[in-house]
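Bear in mind that the values here come from a model prediction, so they are computed numbers and not experimental data. Counting convention: from 1, in listed order, for ligands and their atoms alike. By convention here, the first residue in the shown sequence is residue 1.
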Amino acid sequence: MQKNCIYLDNNATTKVDPEVVEAMLPYLTEYYGNPSSMHTFGGQVGKAFNQAREQVAALLGADESEIIFTSGGTEGDNAAIRAALLAQPEKRHIITTQVEHPAVLNLCKQLSTQGYSVTYLSVNRQGQLDLDELEASLTGNTALVTIMYANNETGVVFPIEQIGLRVKEHGALFHVDAVQAVGKIPMNMKTSTIDMLTMSGHKIHAPKGVGALYVRRGVRFRPMIIGGGQQRGRRGGTENVPGIIALGKAAELELLHLSEATIREKRMRDRLEQTLITTIPECEVNGDPTQRLPNTSNIGFKYIEGEAILLLLNKHNICASSGSACSSGSLEPSHVLRAMGLPYTILHGSIRFSLSRYTTDTEIDAVLAVMPGIVERLRALSPFTTDETPWLKQQQGMISEELKVGS
Ligand SMILES: *Cc1c(COP(=O)(O)O)cnc(C)c1O
């Protein structure tokens, strides 16, 4: 990443907090002991390791015995889903939503070829679930309901505790992918209906490759990774000590900053969003305007390609993102926006700005200064239209050309 980049892609990953780096460094240099070792050298590491568990537990309002360290959000989601199924082998039904992260969706897809039936709950135009649909889908055969706390693309927050109450009435386990919600919404597992909750380090200013899974005491847990007896047999493999120390520190800082950062980010996000939609014609906010993460804004700019906007923003050193699976080479619109039933023109022209506690008003000003011109320039490529006329192909051609030049 270039220096001085205006980074508004914090739902993809975040800057590692310098205090987090400082906390983890000694565990890469001096304190390289194995926490499982009998000698005091390893024991010193074990102490710091336990402190990290306490820090993560504090952020979640959980007991430290309920925290399992993982390699991140994807592992947490996989481990929770597999554990729930192994613990109840007689039940063969899973409920999830159409807008989950691929870590949940693609595992569910695979499980549906292995004898499990999966219900994918739909969302409405604002990205919200219909709790009656959930209620109607729950049966005695339902092993697990796995639903995200907040959506990574739109920031839409689901009514997790209302969902949990219904899930509990039917005796199913309730797993929540809270990778985007942790650190942005206060958590208290002590008063929650959640049985298992996934979080990831690199979305909360810790490094990539570390995360945690909360498992409520009393919930039968079967490990996905089997090895030595590490983490009381719940996750084999020598622990990623520096990463775990970093996660602990990051959790401590998230808790410290949570209320103030939420207010600040929401204020900046709203200013960005409101100014854009009032100064640029034919654009709208995607998602639930009231039940939304404070840091996320997903905006659809009709008749232009999201990727083209991103390329032009990138020239101004501004990093944002679109939901499209650009890596696959086909500019497939996001599965989340498609599930919301957004029209074709918005599906292709949506981009996401996601803020963090490092975002400044000066950076928001810089985005506001260039966005109207970018949209105008792209729209000038072809006349406004409402159907599939050359605007799309033209802009996709431009994107391929720019990518060729860039590589
Ligand atoms: C990023 C993300 C994940 C995956 O986490 P990793 O640590 O990158 O594996 C899962 N779920 C959601 C909602 C995410 O945003």
Side-chain angles (χ1 to χ4, degrees), residues 7-16 20 56 59-60 67-82 96-109 120-121 123 127 129 144-158 160 163 174-185 187 194 196-214 224-225 235 237 240 242-244 246-247 250-251 254 287-288 291-298 319-325 327 334-337 339 352-356:
Y7 188 72
L8 295 174
D9 199 11
N10 287 280
N11 287 11
T13 197
T14 58
K15 171 190 161 89
V16 181
V20 168
V56 170
L59 178 61
L60 301 180
I67 304 300
I68 302 170
F69 292 114
T70 64
S71 67
T74 302
E75 184 189 323
D77 287 341
N78 275 258
I81 292 170
R82 292 201 183 277
T96 186
T97 78
Q98 292 177 1
V99 296
E100 295 302 305
H101 188 273
V104 169
L105 272 186
N106 288 334
L107 175 59
C108 286
K109 236 193 259 172
Y120 300 91
L121 300 175
V123 294
L129 294 169
L144 170 73
V145 177
T146 174
I147 291 183
M148 67 201 327
Y149 209 124
N151 189 275
N152 44 309
E153 291 187 28
T154 59
V156 170
V157 175
F158 287 148
I160 285 300
I163 294 169
F174 187 30
H175 167 248
V176 174
D177 174 343
V179 170
Q180 291 295 340
V182 167
K184 296 171 191 152
I185 297 174
M187 299 279 155
I194 297 170
M196 291 187 273
L197 177 139
T198 296
M199 60 176 279
S200 173
H202 75 102
K203 307 286 172 80
I204 61 164
H205 305 289
K208 292 151 192 68
V210 67
L213 176 64
Y214 158 85
M224 179 173 77
I225 297 182
R235 202 273 191 182
N240 169 9
I244 289 167
L247 184 68
E254 287 293 307
D288 185 335
Q291 300 304 311
R292 208 153 48 114
L293 289 175
N295 79 318
T296 309
S297 179
N298 190 308
C319 304
S321 115
S322 72
S324 305
S327 52
S334 129
H335 72 285
V336 175
L337 302 183
R352 175 188 71 191
F353 297 102
S354 46
L355 288 61
S356 82

What do we get for Val179 next to ligand 1 when only non-hydrogen atoms under 4.0 Å count, side chain, backbone, both or neither? side chain
What I want to check is whether the side chains of Thr13 and Lys208 have a donor and an acceptor closer together than 3.5 Å. yes
Atom 9 (O) of ligand 1 has as its nearest protein heavy atom Thr74 OG1, 2.6 Å
Test Met148 against Phe158 for side-chain contact (heavy atoms from CB on, under 4.5 Å), laying out the working first. CA-CA 7 Å; Met148 67 201 327; Phe158 287 148; 4.0 Å; yes
Relative to ligand 1, is Ser200 under 4.0 angstrom through side chain, backbone, both or neither, heavy atoms considered? side chain
Against heavy atoms of Gly72, which atoms of ligand 1 measure under 4.0 Å? 7 (O)
Among all protein heavy atoms, pick out the one at the shortest distance from atom 5 (O) of ligand 1; state its residue, atom name and that distance to 0.1 Å. Gly73 CA, 3.3 Å
Checking a contact table here: which protein heavy atom is nearest atom 11 (N) of ligand 1, and how many Å away? Asp177 OD2, 2.7 Å
Here the pair of heavy atoms bringing Glu153 nearest to Thr296 is O-CG2, 4.0 Å
From NE2 (His335) to CD (Gln98), nearest 0.5 Å: 9.5 Å
Check whether any side-chain heavy atom of His101 lies under 4.5 Å from a side-chain heavy atom of Val179, and answer yes or no. no
Nearest 0.5 Å, what's the CE-CG distance between Met196 and Leu213? 7.0 Å
Approximate separation, where rounding is to 0.5 Å, of Glu100 CD and Cys108 SG: 8.0 Å
Nearest neighbour in protein (non-hydrogen) for atom 2 (C) of ligand 1: Lys203 NZ, 2.6 Å
Which heavy atom of the protein is the closest neighbour of atom 3 (C) of ligand 1, given with residue, atom name and distance? His101 NE2, 3.4 Å
Ignoring angles and geometry beyond distance, decide whether Asn11 reaches within less than 3.5 Å of ligand 1 through its nitrogen or oxygen atoms. no
Ligand 1 and Asn152, any nitrogen or oxygen pair closer than 3.5 angstrom? no
Could you tell me whether Ser71 and ligand 1 have an N or O pair separated by under 3.5 Å? no
Please determine if Glu75 has a nitrogen or oxygen closer than 3.5 Å to a nitrogen or oxygen of ligand 1. no
Exactly one candidate in Ile147, Asp77, Leu197 meets side-chain contact (heavy atoms from CB on, under 4.5 Å) with His175; the answer is Asp77
Quick one: which ligand 1 atoms are inside 4.0 Å of a heavy atom on His202? 6 (P), 7 (O), 8 (O)
Any non-hydrogen side-chain atom of Val157 less than 4.5 Å from a side-chain atom of Ile185? yes
Flag Ala150 as yes when one of its N or O atoms lies below 3.5 Å from any N or O atom of ligand 1, and as no otherwise. no
